[in-house]
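A short worksheet on the structure shown next.
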Amino acid sequence: MNQKLRETLEDFYNTIKESRPNYRTCYNSFLEYCDMHYPQYSLKELFEKHLDILDIKKACRHYIETSKKATSVEAVQRFLTAMDYFYGFLKENDIKCESLEAGCRRKEIVHGICIHLSNELEQKVYLPFDDERELEIVKEELALLDGQNFYQLGQSIIYRLLLLYGFKEKVVINFKPHDFDSKKGRLLVNYNGDNSLYVDLPDDVCQDLREYCVLNKYKDRANLFTKSNGAALTPDSMLGTLKGRLKKRNIVNFTPTTVALYGAANLIDKGLTIGEIKLLTGFETQKIEDVSLYLLTDENVGEVIHKKMMRRSRQGSNGRATSA
């Protein structure tokens, strides 16, 4: 047992427990991991010569697997934030770890942990498909699709629609041929029968969708997009060819949902409200909030909120002064 690590963790936790009481289980799990794998090293040796970011990932998985309450992406973020806090404390005491300098709570770290924890998290965690390397691989595979095969062309169009608008699976599956206005280049979104709106399509998507409608030989089809045999799409067949090719390239988290959540993340970046995104995409509020929290992974949330509040406060003051 690494007694020095135990004592240091306890000392540090006592300084933050009033504001971060839920970090206790994070540190207990980290200590258990280190006792299992690095019991023989001093605290300084452990961090400066042996621990790296891969160990933090493994320790986080240990935390998830042994905690009954750790069932969401927030639990992963909580553990990684706890480690960032602790490492900051160690640095103040002249203990450094080069591998942790960039921080533990980064989107790529959260993503890497969560995509291998779907069973443990009971499929509650859905993260945007936003790894830069994987996005580039998808581009490569998109370029290899047969543009004269309506089913494969349809997958290229659907992929781009998901990135642009974050449509939930059922929205895409239920598009009707008449929802596409080929003359005006727009698409009607009306997934629940109560609200509807048009989205203007980019020229390349619009042109490909026109071509798709010409190539699709099932002219009396009920849905805009179909399988190669004219049957209605399912979540598994929406991106079927692409999923198969990407699986061969060892990319396992490519689904219509993860791609759509990347689109939802883009909508959040554009400044759309949760209500507007819900109306456009068909996603429930909780999913949109999960994505919003995920986007804050690399941010100091307190600083972000403080800056926004200060900016709005100044704007409000200016507004009152002007009206006076």
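Since this is a predicted model, take the numbers as computed values, not measurements. Values below: every heavy atom of this structure, side chains too, minus hydrogens, waters and symmetry copies.
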Decide whether [X] and [Y] meet the rule of one side-chain donor and one side-chain acceptor closer than 3.5 Å.
{"X": "Asn28", "Y": "Tyr63", "answer": "no"}
{"X": "Thr241", "Y": "Gln155", "answer": "yes"}
{"X": "Tyr38", "Y": "Glu45", "answer": "no"}
{"X": "Arg20", "Y": "Tyr23", "answer": "yes"}
{"X": "Thr226", "Y": "Arg221", "answer": "no"}
{"X": "Asn216", "Y": "Tyr212", "answer": "yes"}

Backbone N/O of [Y] and side chain of [X]: donor-acceptor pair under 3.5 Å:
{"X": "Lys217", "Y": "Gly230", "result": "no"}
{"X": "Asp208", "Y": "Leu153", "result": "no"}
{"X": "Thr15", "Y": "Phe12", "result": "yes"}
{"X": "Gln152", "Y": "Asp146", "result": "yes"}
{"X": "Ser29", "Y": "Cys26", "result": "no"}
{"X": "Tyr27", "Y": "Ala82", "result": "yes"}
{"X": "Asn149", "Y": "Leu145", "result": "no"}
{"X": "Glu134", "Y": "Asp131", "result": "no"}
{"X": "Glu48", "Y": "Lys96", "result": "yes"}
{"X": "Thr66", "Y": "His62", "result": "yes"}

Spacing of [atom1] belonging to [X] relative to [atom2] belonging to [Y], to within rounding of 0.5 Å:
{"X": "Asp35", "Y": "Leu5", "atom1": "CG", "atom2": "CG", "result": "7.0 Å"}
{"X": "Arg210", "Y": "Ser182", "atom1": "CZ", "atom2": "OG", "result": "6.0 Å"}
{"X": "Ile268", "Y": "Ile274", "atom1": "CD1", "atom2": "CD1", "result": "7.0 Å"}
{"X": "Phe254", "Y": "Thr258", "atom1": "CZ", "atom2": "OG1", "result": "7.0 Å"}
{"X": "Cys104", "Y": "Asp84", "atom1": "SG", "atom2": "CG", "result": "4.5 Å"}
{"X": "Leu51", "Y": "Lys58", "atom1": "CG", "atom2": "NZ", "result": "11.0 Å"}

So that I know where these two stand, are [X] and [Y] an aromatic pair - ring centroids less than 6.0 Å apart?
{"X": "Tyr41", "Y": "His50", "result": "yes"}
{"X": "Phe175", "Y": "Phe167", "result": "yes"}
{"X": "Tyr262", "Y": "Phe129", "result": "no"}

Whether over 12 other heavy atoms sit under 6.0 Å from [X] [atom1]:
{"X": "Lys44", "atom1": "NZ", "answer": "yes"}
{"X": "Asp203", "atom1": "CG", "answer": "no"}
{"X": "Asp11", "atom1": "CG", "answer": "yes"}
{"X": "Lys176", "atom1": "NZ", "answer": "yes"}
{"X": "Gln40", "atom1": "CD", "answer": "yes"}
{"X": "Lys248", "atom1": "NZ", "answer": "no"}
{"X": "Glu132", "atom1": "CD", "answer": "no"}

> Between Leu142 and Ser156, is a side-chain contact (heavy atoms from CB on, under 4.5 Å) present by the stated rule, with each step listed?
Replying inline: CA-CA 6 Å; Leu142 281 170; Ser156 172; 4.1 Å; yes
>> Quick test of your reading of the model: are Lys287 and Glu284 salt-bridged, counting only N-O distances below 4.0 Å?
In response: yes
Should [X] and [Y] count as side-chain neighbours, where that means a heavy-atom distance under 4.5 Å?
{"X": "Leu201", "Y": "Arg186", "result": "no"}
{"X": "Asn174", "Y": "Leu224", "result": "no"}
{"X": "Val171", "Y": "Thr281", "result": "no"}
{"X": "Tyr165", "Y": "Leu187", "result": "no"}
{"X": "Ile53", "Y": "Arg106", "result": "yes"}
{"X": "Glu169", "Y": "Thr257", "result": "yes"}
{"X": "Leu279", "Y": "Leu197", "result": "yes"}

Under a 4.5 Å side-chain heavy-atom rule over Ile, Leu, Val, Met, Phe, Trp and Tyr, are [X] and [Y] clustered together?
{"X": "Phe283", "Y": "Val199", "result": "yes"}
{"X": "Tyr198", "Y": "Phe225", "result": "no"}
{"X": "Leu188", "Y": "Ile158", "result": "no"}

>> Go through it in stages, so that I can follow the logic: the residues are Arg160 and Asp204, the test is salt bridge (charged side-chain N to carboxylate O under 4.0 Å, His left out), and I'd like the CA-CA distance, side-chain angles, deciding distance and then a yes or no.
In response: CA-CA 10 Å; Arg160 284 175 284 167; Asp204 63 320; 3.2 Å; yes
>> Working note: Glu32 + Arg6, criterion salt bridge (charged side-chain N to carboxylate O under 4.0 Å, His left out); need CA distance, chi angles, decisive distance, verdict.
In response: CA-CA 10 Å; Glu32 289 172 3; Arg6 176 184 292 276; over 6 Å; no
